[in-house]
Amino acid sequence: MNAPLNMLRMGLGSFATGLRAPEALSDPSDMVRAKQQVLREHGGAAIVADTRSIMTAMASFRRAGKVEGFRDLKYVCLGMGTVDGQGWCAVADARLRNRVAELVEAQPEMRRRIRCFQALLSSFWSFPLNGKQASAESKAGWVELRKWLRAERERILKSKEQKPPWFAALTKHIALLSEQPCEHFGAALLRGDSSELREAMDSLAIPSDSWVLEEAVIAQMRAGCALNDEPFKATLSNLINIGSGRGGVELGESLRLRSVALLVSRYAKCRERPEHMALRDAAVGIVGNPWLRRASWDAWVVDARGKPDDQSREMVNGWLKRRLITDFFELLSVDGTGDSRRVDYWLRFEPAIEDMWFALGADAQYRRGEQFNDFRNRAKGRLLDLDGTTADNNAFVMRVGRYLLVEFGAKGNAMYVFEWDALGQPLLDTLTSGRARASVSIHRLKDSNNVERLIHRDSAAQSWEQKFDAYLVPRIGRRPSDPPRRAGAPRRVRSEGFSPDTWAFFARTHGLRVEDHRSRQGALWVLGVEQPSHVAAQLEAWGFKPRAPRGWFKE
């Protein structure tokens with residue numbers, strides 16, 4: 001269980017131990033009065049003030065640039081970081097910000113000066129640093145406020161005035177007034193130790209919805225990313241849950257973007273980086289599809305120099321394209337058994353595929369089930385309705401270099417090749433419009449202006465894969481690293497390792513009857529020894545062994 005998120009669930013309250021148990025209080029007003037009494041008596045860092053009084057004082061200060069007395073000055077200090085309904089914030093206004101500093105520094109009594117410093121510190125903690133309502137100007141003003149607070153703390157420290165207890169806590173946690181305020185919490189939080197963060201928030205009355213806790217989450221992400229490959233991978237699933245807002249607390253959009261961007265960029269640097277489904281889905285769901293939203297992706301996923309991280313973008317691009325290619329031929333074939341040879345063939349060309357679309361017949365458009373829902377979600381933005389054919393037919397459309405290639409889910413259909421620049425305007429408009437639920441007729445995808453029509457049929461001398469390569473490779477100028485399948489050669493098994501996600505997808509796709517007794521120190525069983533050759537080959541590659549008559553087992 002993640003410690004900082006637990007803190008949010010519980011709700012942090014300053015000096016909670018000084019209050020009576022909630023059940024002993026007769027009503028909420030008793031609790032408020034009790035808390036105020038503790039704060040007054042023990043010099044707590046929190047300041048209790050009426051919101052209406054703060055807003056009234058702020059409105060007057062905004063108009064006139066002056067205050068009526070010390071109480072109004074304190075209210076103004078408390079309201080400096082508040083963003084109003086129109087997005088205005090006093091901390092963004094250099095004139096008002098400087099005027100407040102002048103008024104505080106001009107206070108004749110150090111006790112009052114400390115009180116104003118305390119109020120401005122409260123504004124600093126509560127400023128919505130990662131919220132949408134915070135403008136660039138207000139964030140810049142917040143940085144200036146941080147600099148002033150650090151300098152003012154030094155000036156107060158030199159005075160002979162007795163300091164309240166929270167001032168010592170600020171000295172202990174002075175890093176909170178630095179450019180990297182929460183980095184020192186990261187490693188401990190990664191270990192599940194939130195004691196130092198909790199102590200800082202309690203002693204300084206930092207609210208539980210403060211940017212401090214948000215930046216502590218980012219510090220935890222950075223600490224995880226600083227680990228070597230294997231320890232990083234071991235903690236990655238937990239970090240994904242936290243960073244994507246599934247750790248029990250909803251995180252703001254900006255925080256989710258920063259978290260997932262850090263994780264995907266770090267994973268791309270691993271020596272071994274097989275497809276990580278949870279990371280892929282978090283990256284696409286939060287940052288966006290990198291080939292459809294490249295500008296957004298490049299703005300968030302950056303390298304150490306702040307430049308777009310090309311390596312991570314192409315990694316996720318490859319994952320998406322490979323999974324969509326696999327899904328099309330294993331989920332959307334007419335007979336429902338999958339077309340393993342075409343999966344293998346087109347996966348070889350994945351790096352050369354610049355864009356892809358999926359035109360779905362009526363069955364695939366509306367079919368329910370986890371696999372189909374996942375496919376449609378991954379293909380969002382590139383889905384079309386396929387008209388003029390049977391309900392169970394689908395089309396896979398690829399742009400490769402200056403060509404458009406069209407495959408169909410129903411076996412017996414040829415693969416059609418078109419020149420992109422010679423496409424008819426209606427088809428070009430359909431592919432580039434970006435409209436949801438656009439339709440395309442099968443007749444346009446089989447139009448007579450195609451430059452080639454290739455048949456999936458082996459000859460005695462060549463497999464259809466070899467014939468396809470002979471035509472495509474010279475034209476697209478790119479040869480896949482793997483050779484094409486030879487006529488009569490058995491299907492290659494998947495190169496990806498055995499994992500819970502990969503296994504679940506394989507078992508569902510091929511309709512396997514499975515019994516899993518591993519939680520009781522037993523074996524994972526696939527019932528039935530007689531399996532299709534490509535299923536048996538994959539089971540064997542993953543370490544399954546046949547045992548008649550029960551089936552295949554893996555310890």
Between the CG atom in Leu189 and the CE atom in Met221, the distance rounded to the nearest 0.5 Å is 10.5 Å

Nearest heavy-atom contact between Val440 and Ala359 is CG1-CB, 3.8 Å

Quick check: are there more than 12 heavy atoms from other residues, nucleotides or ligands sitting under 6.0 Å from CD of Gln180? no

Derivation and outcome, side chain to side chain donor-acceptor pair (under 3.5 Å), residues Arg378 and Asn289
CA-CA 8 Å; Arg378 281 192 292 273; Asn289 186 318; over 6 Å; no

Any side-chain heavy atom of Leu404 within less than 4.5 Å of one from Tyr416? no

Any chance you could lay out the side chain to side chain contact (heavy atoms under 4.5 Å, CB included) test for Met398 and Asp355, step after step, and finish with the verdict?
CA-CA 6 Å; Met398 298 162 270; Asp355 209 341; over 6 Å; no

Scanning both residues in full, the closest heavy-atom pair of Asn393 with Gly409 reads OD1-N, 3.6 Å

Hey, what's the ring geometry for Phe396 with Phe328, parallel, tilted or perpendicular (30° and 60° as the breaks)? tilted

query: Are the side chain of Arg273 and the backbone N or O of Cys270 linked by a donor-acceptor pair below 3.5 Å?
result: yes

For this session: Inspect the contact between Asp458 and Arg341 and indicate whether a charged nitrogen and a carboxylate oxygen are less than 4.0 angstrom apart.
Result: yes

For Arg479, I'd like to know if atom CZ has over 12 heavy atoms of other residues, nucleotides or ligands within 6.0 Å. no

Exercise for the section: Check whether any side-chain heavy atom of Leu454 lies under 4.5 Å from a side-chain heavy atom of Trp464, and answer yes or no. Expected result: no

- Side chains of Glu465 and Arg342 in contact at under 4.5 Å (non-hydrogen atoms): no

Quiz item: Any donor and acceptor pair, going by atom type alone, linking the side chain of Ser194 with main-chain N or O of Leu197 inside 3.5 Å?
Solution: no

Tightest non-hydrogen contact, residues Ala414 and Arg453, listed as CB-CG, 3.4 Å

With sequence neighbours left out, the residues meeting salt bridge (Lys or Arg N to Asp or Glu O under 4.0 Å) with Asp298 are Arg294, Arg313

(message) Between Lys446 and Asn413, do the side chains contain a donor N or O and an acceptor N or O under 3.5 Å apart?
(response) yes

Within a reach of under 6.0 Å around CD of Glu199, are more than 12 heavy atoms found that belong to other residues, nucleotides or ligands? yes

N/O donor to acceptor pairs below 3.5 angstrom from side-chain atoms of residues 544-555, sequence neighbours left out:
unit_1	atom_1	unit_2	atom_2	d
Arg550	NH2	Glu515	OE1	2.6
Trp552	NE1	Val529	O	3.0
Lys554	NZ	Trp542	O	2.7

Does a side-chain N-to-carboxylate-O contact under 4.0 Å join Arg322 and Glu275? no

- Query: More than 12 non-hydrogen atoms from neighbouring residues, nucleotides or ligands closer than 6.0 Å to CZ on Arg222, yes or no?
  - Reply: yes

Any Lys/Arg nitrogen of Lys269 or Asp309 sitting under 4.0 Å from an Asp/Glu carboxylate oxygen of the other?
yes

* Go through the side-chain N and O atoms of Arg376 and Asn373 and say whether any donor and acceptor fall under 3.5 Å apart. => yes

Heavy atoms, side chains only, cut-off 4.5 Å: are Phe418 and Val451 in contact?
no

Exercise for the section: Check step by step if ring-ring contact (aromatic ring centres under 6.0 Å, His included) holds for Tyr267 and Trp319. Expected result: CA-CA 13 Å; Tyr267 191 81; Trp319 289 351; 5.7 Å; yes

(message) Assess the residue pair Glu215 and Asn130 against the criterion (side chain to side chain contact (heavy atoms under 4.5 Å, CB included)); give the C-alpha distance rounded to whole Å, side-chain angles, the decisive distance to 0.1 Å, and a yes or no.
(response) CA-CA 9 Å; Glu215 292 303 308; Asn130 298 310; 3.3 Å; yes

Take Leu445 and Val397, measure what side chain to side chain contact (heavy atoms under 4.5 Å, CB included) needs, and give me the verdict at the end.
-> CA-CA 9 Å; Leu445 298 180; Val397 183; 4.3 Å; yes

Leu204 vs Trp125 side-chain heavy atoms within contact, under 4.5 Å:
yes

Got Arg266 and Asp229 here, is their nearest side-chain heavy-atom distance under 4.5 Å? yes

(request) Measure from NZ or CZ of Arg399 to the centre of the six-membered ring of Trp420 and say whether it is under 6.0 Å with the direction within 45° of the ring axis. (result) yes

Side chains of Leu384 and Phe358: does their closest heavy-atom pair fall under 4.5 Å?
no

Self-check item: Trp291 side chain near Arg382 side chain, heavy-atom distance below 4.5 Å
Solution: yes

Closest heavy-atom pair, Ser441 versus Leu386, reported as atoms and distance to 0.1 Å, is C-CD1, 4.4 Å

Validate the cation-pi geometry between Arg475 and Tyr403: distance from NZ or CZ to the six-membered ring centre under 6.0 Å, angle to the ring axis within 45°. no

Across all chains, not counting sequence neighbours, the salt bridge (Lys or Arg N to Asp or Glu O under 4.0 Å) partners of Arg271 are none

